[in-house]
Chemist: 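Dumping the structure here so I can ask a few things about it.
Counting begins at 1 with the first residue of the sequence. Atoms considered below: every heavy atom in the structure, side chains included; atoms not considered: hydrogens, waters and symmetry mates.
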Amino acid sequence: MKKTQSSKKLADAVVAGMLEKKAKHIVLLNMKGIDHAFCEYFVICEGDSRTQVEAIADSIEEIVRKTIKEKPWSTEGYDNAEWILLDYGTVVAHVFQPQQRDFYRIEELWADAKRQDIQEESFVPKAN
């Protein structure tokens, strides 16, 4: 399987993990073709509280482990759970509380990326 195909499957699994715990405002940024991008996809979402942010991050790890058999290379932010980052190499998941997401505005920093806003009712993982 090509790296890009496996990266998309991984990104889809991350989205599924987010949806499992009712994450809000999910955005998939396709970083391919952007100079100096260090991954292929950013997946960004938010939860209303520390508890929900942690639950979303845990759900991402669980669903990715079950479906893709991958563990994150690194995780950051569990200490205060205002912004948890899960780095899978080609895919990076960002789980924010609303005020942190508004402050950092990652979508604006990477405005050149192709953006897909994910709606739960219309999300269907792409098959190879």
Chemist: Between Ile26 and Ile44, is there a side-chain heavy-atom distance shorter than 4.5 Å?
Modeler: no

Chemist: Any chance you could measure Gln52, atom CD, to Cys45, atom SG, to the nearest 0.5 Å?
Modeler: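 It comes to 8.0 Å.
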
Chemist: Answer yes or no: is there a donor N or O on one side and an acceptor on the other, between the side chain of Arg101 and the main chain of Pro98, under 3.5 Å?
Modeler: no

Chemist: Between Glu40 and Lys8 (salt bridge meaning N to carboxylate O under 4.0 Å), is one present in this structure?
Modeler: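 Lys8 and Glu40: not salt-bridged.
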
Chemist: According to a hydrophobic-cluster definition based on side-chain heavy atoms being under 4.5 Å apart (Ile, Leu, Val, Met, Phe, Trp, Tyr only), do Leu109 and Val92 belong together?
Modeler: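 Per the 4.5 Å side-chain linkage, Leu109 and Val92 are co-clustered.
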
Chemist: Any donor-acceptor pair under 3.5 Å linking the side chain of Ser59 with the backbone of Ala55?
Modeler: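 Not confirmed, Ser59 side chain does not pair with Ala55 backbone.
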
Chemist: Is there a path of hydrophobic side-chain contacts, each under 4.5 Å between heavy atoms of I/L/V/M/F/W/Y residues, joining Leu19 to Val91?
Modeler: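 Yes, same cluster.
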
Chemist: Given the rule that I, L, V, M, F, W and Y join up when any side-chain heavy atoms are under 4.5 Å apart, are Leu28 and Ile106 in one cluster?
Modeler: no

Chemist: Do Val14 and Leu86 sit in one hydrophobic cluster, given that two such residues count as connected whenever their side-chain heavy atoms are within less than 4.5 Å of each other, even indirectly?
Modeler: yes

Chemist: With a 3.5 Å cut-off and no angle check, do the side chains of Lys32 and Tyr41 form a donor-acceptor pair?
Modeler: yes

Chemist: Quick check: do Tyr88 and Thr90 have side-chain heavy atoms less than 4.5 Å from each other?
Modeler: no

Chemist: Please report the interatomic distance CD1(Ile56) to CD(Glu20), rounded to the nearest 0.5 Å.
Modeler: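 So the CD1 of Ile56 and the CD of Glu20 are separated by 11.0 Å.
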
Chemist: Where is the tightest heavy-atom contact between Ala81 and Gln97, given as atom of each residue plus distance?
Modeler: O-NE2, 2.9 Å

Chemist: For the CZ atom on Phe103, are there more than 12 heavy atoms of other groups (residues, nucleotides or ligands in this structure) within a distance under 6.0 Å?
Modeler: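 At most 12 heavy atoms, drawn from other residues, nucleotides or ligands, come within 6.0 Å of this atom.
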
Chemist: What residues, two or more places apart in sequence or in another chain, satisfy side chain to side chain contact (heavy atoms under 4.5 Å, CB included) together with Lys24?
Modeler: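 Side chain to side chain contact (heavy atoms under 4.5 Å, CB included) list for Lys24, sorted by chain: Glu46, Asp48.
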
Chemist: Consider side-chain hydrogen bond (donor to acceptor under 3.5 Å, both in side chains). Of Glu76, Gln100, Gln99, His94, which one does Trp83 pass it with?
Modeler: His94

Chemist: Taking all heavy atoms of Met31 and all of Ala113, pick out the closest pair and write down the distance.
Modeler: SD-CB, 3.8 Å

Chemist: Apply side-chain contact (heavy atoms from CB on, under 4.5 Å) to residues Asn30 and Gln116 and explain how you reach the verdict.
Modeler: CA-CA 8 Å; Asn30 184 331; Gln116 179 184 359; over 6 Å; no

Chemist: Closest approach of Ala57 and Tyr78, non-hydrogen atoms and distance?
Modeler: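 In terms of heavy atoms, the two residues are closest at CB-OH, 3.2 Å.
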
Chemist: Quick one, Asp87 and Phe38 - any side-chain contact, counting heavy atoms below 4.5 Å?
Modeler: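 No - every pair of side-chain heavy atoms lies 4.5 Å or more apart.
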
Chemist: Under the side-chain contact (heavy atoms from CB on, under 4.5 Å) rule, what do Ile60 and Val95 come out as? Steps first, then yes or no, please.
Modeler: CA-CA 10 Å; Ile60 292 166; Val95 185; 3.8 Å; yes

Chemist: Any heavy-atom pair between the side chains of Phe96 and Val53 that's under 4.5 Å?
Modeler: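 No. Closest side-chain heavy atoms not under 4.5 Å.
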
Chemist: For the residue pair Ile84 and Glu54, what are the closest heavy atoms and their distance?
Modeler: CD1-CA, 4.0 Å

Chemist: Minimum heavy-atom separation for Asp79 and Arg50, please, with both atom names.
Modeler: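 Smallest interatomic distance, heavy atoms only, reads O-NH2, 3.0 Å.
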
Chemist: Could you grab the distance from atom CH2 of Trp110 to atom CZ of Arg115, nearest 0.5 Å is fine?
Modeler: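 CZ of Arg115 is found 15.5 Å from CH2 of Trp110.
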
Chemist: Please tell me if the side chains of Arg65 and Glu70 come closer than 4.5 Å, counting only heavy atoms from C-beta onward.
Modeler: no

Chemist: Cluster question for you: counting only ILVMFWY and a side-chain heavy-atom cut-off of under 4.5 Å, with indirect links fine, are Ile118 and Val64 together?
Modeler: yes

Chemist: Determine the minimum heavy-atom distance between Ala93 and Met18, stating which atoms define it.
Modeler: CB-CE, 4.3 Å

